[in-house]
Amino acid sequence: MSDSKQKSIDLATQEILKKAQAENIKTAWDRLESQEPQCGFGQLGLCCTVCDMGPCRIDPFGEGASVGVCGANADTIAARNLVRKVAVGASAHSDHGRDVAHTLSLLSEGHTHDYGISDIEKLKDLAQEFGIDINKTKEEITKALSKKLLEEFGRQEGELVFLKRAPKKRQAIWKKLNIAPRGIDREIVELLHTTTMGVDNDYKNLVNTGLRCALSDGWGGSMVATDLQDVILGAPVPIRGKVNLGVLKENYVNIVVHGHEPILSEMAVKASKDPELIKLAKGVGAEGINLAGICCTANEVLMRHGIPVAGNFLQQELAIITGAVEVMIVDVQCIMPALAEVATCFHTKLITTNPKARFPGVNHIEFKPENAYEVAKQIIKSGIENFTKRNKERVNIPKQEMDLVAGFTKEIIFQILGGKYRATYKPLNEAIISGRLRGLAGVVGCNNPKQTHDYFHTTLVKELIKNDVLVLQTGCSAIACAKHGLLIPEAAKEYAGRGLQEICEAVGIPPVLHLGSCVDNSRILTAASYIIKEGGLGEDLSDIPAAGCAPEWMSEKAITIGFYFVASGVYTVFGASPFATLGSKNLTDYLTKDLESIVGGRFEFCAEPMQMAKIMIEHIDKKRQALKLKPVMYQ
Ligand code: BF8
């Protein structure tokens, strides 16, 4: 009992962990235990496997080797290890973006009929940003835009077009430091090149190359993904939904979509509503088809359709262990290899769909935009057939489910605050200037079994809103806070400080705004740029009274997000494990101290959520003072 409580504060998770234990099914928490003690050199970033003269390791106590076989010291090794992760994270988000741009290209050529242009206004806005004449047909604009966007990946010179969204002062900083990304692929490749044996040995230069690569994700690949998904699938608007394992339904065919790319899951949404398939489901004794999501795919279909979210990263295995999932469809990223084994303990069919992500022995049904709907139907049909194989005696669906409101975008923040006819950021800026709002925080990222599941996200966010900080969320962090009731308008009354409460009540929003999946962190960057444009809060993103945090992070992608937040001038706090840099004091100091005077943002590592809130609030107050704003209205 106390054990599962320590693992997670979420009651549904605790319940299924007990079921897993009773049925002897191993989860991430058990596997973490079997890994302990984890490699100390790895944890400090002092193990180098870059070439085959190694693996080398540096003695952190200064008694053994201080350099590897090639002569690389702790600073070089730790920095190379770190920025390689930045490259990997950027590649993941950006390859996702490329696939969306490719889908746009296919639809512009008439090679797929399952997708269209859902947001013509956004298409035109984007086209204008890329210098395309919008007095052409929709087809011509689409074709020209997809070409331009795909060229951003292979661009060799100049700068990414989206950089122009940033305030002028920020653009000048990037230029001066030579960290304005040229092409998305180019920055990833160049970063990897600099980390190979015998290239860049200067930890500061390695970090700077990492910052440029990360910017090519935040203001490049991720921004392409977000904006084009909105164009093709529709820009989200505030929408109600439900969250936690209780959204699985006992008498329904439960289909779970998991991963990141909504191009496929969008079709699963459509297929789950297909009358022919619903009839089939009824034919096997089910009441219907219930689609639910895990991780960022969940956020995507939640934002656009209100599809329920079954859980965040650490709940992916637990969804299967409920015994009630007929099919789990996965695409790319954050999909535990362990799912294959866990699924064999039940009737659940795990189905991979992306040629980039195959699992040995797991059923693969390849998805392409050209055959999207057919594939989605085929998968759902196999789920319906599988319903009859469910062992009802092993089903245990926790009761926990919570309401939430999602669907906030940079455009929606405009509208809800300014009113339909006066779309503006002015009221938001004025709320900060007057001190009714203390400032803003972006709280994002994953779960990690090394930290009590959901505890860090929820404790931090509650403390922030209590202190009149409006919180913007994405990814698994948003799911964590949603499960604990923070993403409903009523949460303002219960948890928010008086100033934030007044704003939430006036416009009917929750004190915590869900902006979508992890690629949608790019929405935060654009929203911040609008705030500067509106006026009154400085000239650069680093002037805004704001801070970022990834309290339970685990993925390389989170490091990349941290890097582009910092490179955009944001003070960014990371939870417990400080991404294996501590073996180098020089590197740690560079990241947590020196960077601030160089790029305006810096990292902070912190192991306790109340302390995280404290240092974020202190930073926000420091920025308020620098802007000479009035004191916070309700202290
Ligand atoms: O991209 S928050 S565990 S699901 S990495 Fe993964 Fe982390 Fe969740 Fe989305 Ni983001």
Side-chain angles (χ1 to χ4, degrees), residues 125 164-173 219 238 408-443 464-474 489 492 496-515 520-549 565 568-572 600-601 616-635:
D125 287 350
K164 296 213 168 40
R165 290 184 175 185
K168 289 265 174 319
K169 202 165 168 190
R170 179 63 17 195
Q171 291 181 45
I173 292 171
W219 297 84
F408 294 93
T409 61
K410 62 181 192 292
E411 294 87 353
I412 287 297
I413 298 175
F414 255 129
Q415 284 166 17
I416 49 173
L417 292 168
K420 204 173 171 192
Y421 303 103
R422 204 171 52 88
T424 167
Y425 269 72
K426 206 166 180 201
L428 176 65
N429 284 27
E430 274 173 1
I432 296 173
I433 292 165
S434 68
R436 182 163 276 124
L437 260 191
R438 185 183 293 263
L440 304 169
V443 182
L464 289 172
I465 61 177
K466 185 176 151 196
N467 284 281
D468 292 321
V469 176
L470 177 67
V471 176
L472 312 179
Q473 289 214 280
T474 60
R498 197 167 142 199
L500 178 56
Q501 226 179 80
E502 284 174 1
I503 290 167
C504 292
E505 277 167 15
V507 283
I509 53 167
V512 183
L513 303 182
H514 191 341
L515 271 73
D520 293 335
N521 283 316
S522 61
R523 295 192 202 276
I524 298 181
L525 300 177
T526 328
S529 303
Y530 279 126
I531 288 171
I532 291 302
K533 212 169 172 185
E534 188 63 56
L537 289 173
E539 294 171 1
D540 183 19
L541 302 176
S542 63
D543 295 333
I544 303 173
C549 185
F565 266 40
S568 301
V570 183
Y571 173 74
T572 304
M616 288 169 78
I617 290 167
E618 279 170 5
H619 177 81
I620 288 170
D621 286 346
K622 193 177 94 186
K623 291 291 169 185
R624 292 188 64 85
Q625 275 164 17
L627 288 167
K628 301 196 171 45
L629 301 181
K630 288 180 197 156
V632 174
M633 209 176 263
Y634 307 110
Q635 291 283 2

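Scope of the values below: all heavy atoms of this structure, side chains included, with no hydrogens, waters or symmetry mates.
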Review point. Applying the side-chain contact (heavy atoms from CB on, under 4.5 Å) test to R436, which of E430, R498, K630, M633 qualifies?
Key: M633
Review point. Got a second to check how far L515's CG is from T526's OG1, nearest 0.5 Å?
Key: 9.5 Å
Exercise for review: Could you point out which residue of V471, I531, L513 forms a side-chain contact (heavy atoms from CB on, under 4.5 Å) with L440?
Suggested key: I531
Point to revise | Steps toward side chain to side chain contact (heavy atoms under 4.5 Å, CB included) verdict (Y530, I413) | key: CA-CA 10 Å; Y530 279 126; I413 298 175; over 6 Å; no
Exercise for review: Using a strict 4.0 Å threshold on nitrogen-to-oxygen distance, state whether K622 and E618 make a salt bridge.
Suggested key: no
Review point. Can you list the steps and then say if I503 with L470 is a side chain to side chain contact (heavy atoms under 4.5 Å, CB included)?
Key: CA-CA 10 Å; I503 290 167; L470 177 67; over 6 Å; no
Review point. Short question: side chain of Q473, backbone of H514 - any donor-acceptor pair under 3.5 Å?
Key: no
Review point. Should the heavy atoms of other residues, nucleotides or ligands under 6.0 Å from NZ of K169 be counted, would the total exceed 12?
Key: yes
Exercise for review: Establish, from distance only, whether the side-chain atoms of T474 and N521 form a donor-acceptor pair under 3.5 Å.
Suggested key: yes
Exercise for review: Check whether any side-chain N or O of R624 sits under 3.5 Å from a backbone N or O of I432 as a donor-acceptor pair, and report yes or no.
Suggested key: yes
Exercise for review: Would you check if the side chain of E539 reaches a backbone N or O of P167 as a donor-acceptor pair within less than 3.5 Å?
Suggested key: no
Practice item. Please answer whether the main-chain N or O of G535 pairs with a side-chain N or O of N429 as donor and acceptor at a distance below 3.5 Å. Key: yes
